[in-house]
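One structure is given here, and the rest of the page talks about it.
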Amino acid sequence: MSAKQRAQAIAPILREQFPGTAVELCELDFASPFQLLCATVLSAQCTDVRVNATTPALFAAYPDAPAMAGADRSHLESLIFATGFYRAKANHLLELSARLLSTYGGEVPKRREDLVTLAGVGRKTANVVRSVAFSLPGLPVDTHVLRLSKRLDLVRSDDPVKVEHRLNALFGEQEGGALSLRLILHGRRTCTARVMACENCVLLDWCPTGKKRQALAT
DNA sequence: ATCCCGAGGG
DNA sequence: CCCTCTGGAT
């Protein structure tokens with residue numbers, strides 16, 4: 001059983017569990033690419049629920065790049081305080097908005113090379129924005145995607161960039177965003193970092209780690 | 001204690 | 001490559 005074969009078996013099962021496109025599967029609330037970009041920057045080491053509790057007041061005050069670029073730093077910090085890393089994140093939002101104005105006409109760029117030049121935006125965030133806001137290829141590799149890909153033995157590497165390329169090759173570039181979100185959702189509900197709930201996992205038949213574990217238990 | 005859809009700096 | 005940034009939930 002090759003990784004490619006496992007990937008082809010896994011894809012439709014995950015699609016059935018978590019139907020929809022990347023936009024529909026994304027749990028962050030946003031009304032524009034700019035707002036998704038900001039919400040994703042805020043989501044670093046923070047739950048989506050908390051980000052969604054934070055962003056309504058934030059976007060009411062600073063809905064777009066021009067408004068955010070002119071935000072009062074202390075006010076901005078107080079608005080995003082609960083998301084953690086609030087000083088660094090406030091700096092990121094300020095700098096990123098200023099750069100959008102100075103270099104990209106106030107719009108969020110679509111190319112990954114441009115996105116990653118923005119403060120607080122790394123490869124993972126760039127891929128979220130591309131796939132969710134623009135329906136472009138982009139496969140965000142976060143801790144969940146990395147963990148599940150390894151447990152499913154789709155990849156061996158720990159390098160997120162290599163993992164991204166590998167998953168794109170296995171599942172197809174256009175599936176990237178939705179695939180990532182589905183792995184994340186499955187990783188949060190069933191295959192968590194500490195507890196693998198293999199007994200009610202829909203992927204068990206295709207999971208080398210789960211089957212090995214099952215064999216040991218019997 | 002450990003985790004939450006990380007990124008930047010040394 | 002490792003450290004730091006940070007609060008809240010479990």
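Letters go in sequence order (proteins before strands), and every chain restarts at 1.
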What integer distance in Å separates A:R188:CZ from C:dT10:P?
13 Å

May I ask you to say what A:L118 touches in the nucleic acid, namely base, sugar-phosphate or nothing, with a heavy-atom cut-off under 4.0 Å?
sugar-phosphate

Give one of base, sugar-phosphate or nothing for A:T143, where a contact means two heavy atoms less than 4.0 Å apart.
sugar-phosphate

Atom CD of A:E16 with >12 non-hydrogen neighbours under 6.0 angstrom
no

Which value, in whole Å, describes the distance between the P atoms of nucleotides C:dG8 and B:dA7?
22 Å

Assess whether a salt bridge exists between A:D158 and A:R147, defined as any Lys/Arg side-chain N lying under 4.0 Å from an Asp/Glu carboxylate O.
no

Residue pair A:H92/A:R147 against DNA chain B: nearer the 5' end by closest nucleotide is A:R147

Please measure how far the P atom in C:dC3 lies from the corresponding atom in B:dC5, and state the result in whole Å.
24 Å

For A:R50 and C:dA9, what is the distance between atoms CZ and C1' respectively, to the nearest whole Å?
7 Å

Figure out the CG/P separation between A:L42 and C:dT6, and round it to whole Å.
13 Å

For a quick check of understanding: with a heavy-atom distance under 4.0 Å over all strands, which category does A:T192 fall into, base, sugar-phosphate or nothing?
nothing

Under 4.0 Å, heavy atoms only, any strand: does A:V41 hit a base, just the sugar-phosphate, or nothing?
nothing

Return yes if a side-chain donor-acceptor contact under 3.5 Å exists between A:R50 and A:T83, otherwise no.
no

Keeping the roles fixed (side chain from A:R182, backbone from A:F18), state whether a donor-acceptor pair exists under 3.5 Å.
yes

If you count every heavy atom of other residues, nucleotides or ligands that lies below 6.0 Å from A:K212 atom NZ, does the total exceed 12?
no

Mind checking whether A:M68 and A:Q35 have side chains closer than 4.5 Å, heavy atoms only?
no

Which value, in whole Å, describes the distance between the C1' atoms of nucleotides C:dT6 and B:dT2?
15 Å

On DNA chain B, does the nearest nucleotide to A:E27 precede the nearest nucleotide to A:A119 from the 5' side, or the other way round? Give the residue.
A:E27

Within the structure shown, what part of the strands sits under 4.0 Å from A:L28 by heavy-atom distance: base, sugar-phosphate, or nothing?
nothing

Chain A vs DNA chain B, heavy-atom contacts under 4.0 Å, first-to-last nucleotide span, 5' to 3', is B:dT2 to B:dG8

Return the value, rounded to whole Å, for the distance between atom CZ of A:F81 and atom P of C:dT6.
10 Å

Expressed as a whole number of Å, how far does the P atom of C:dC1 sit from that of B:dC4?
22 Å

How would you list all residue pairs meeting salt bridge (charged side-chain N to carboxylate O under 4.0 Å, His left out) that involve residues 57-68 of chain A, not counting sequence neighbours?
none

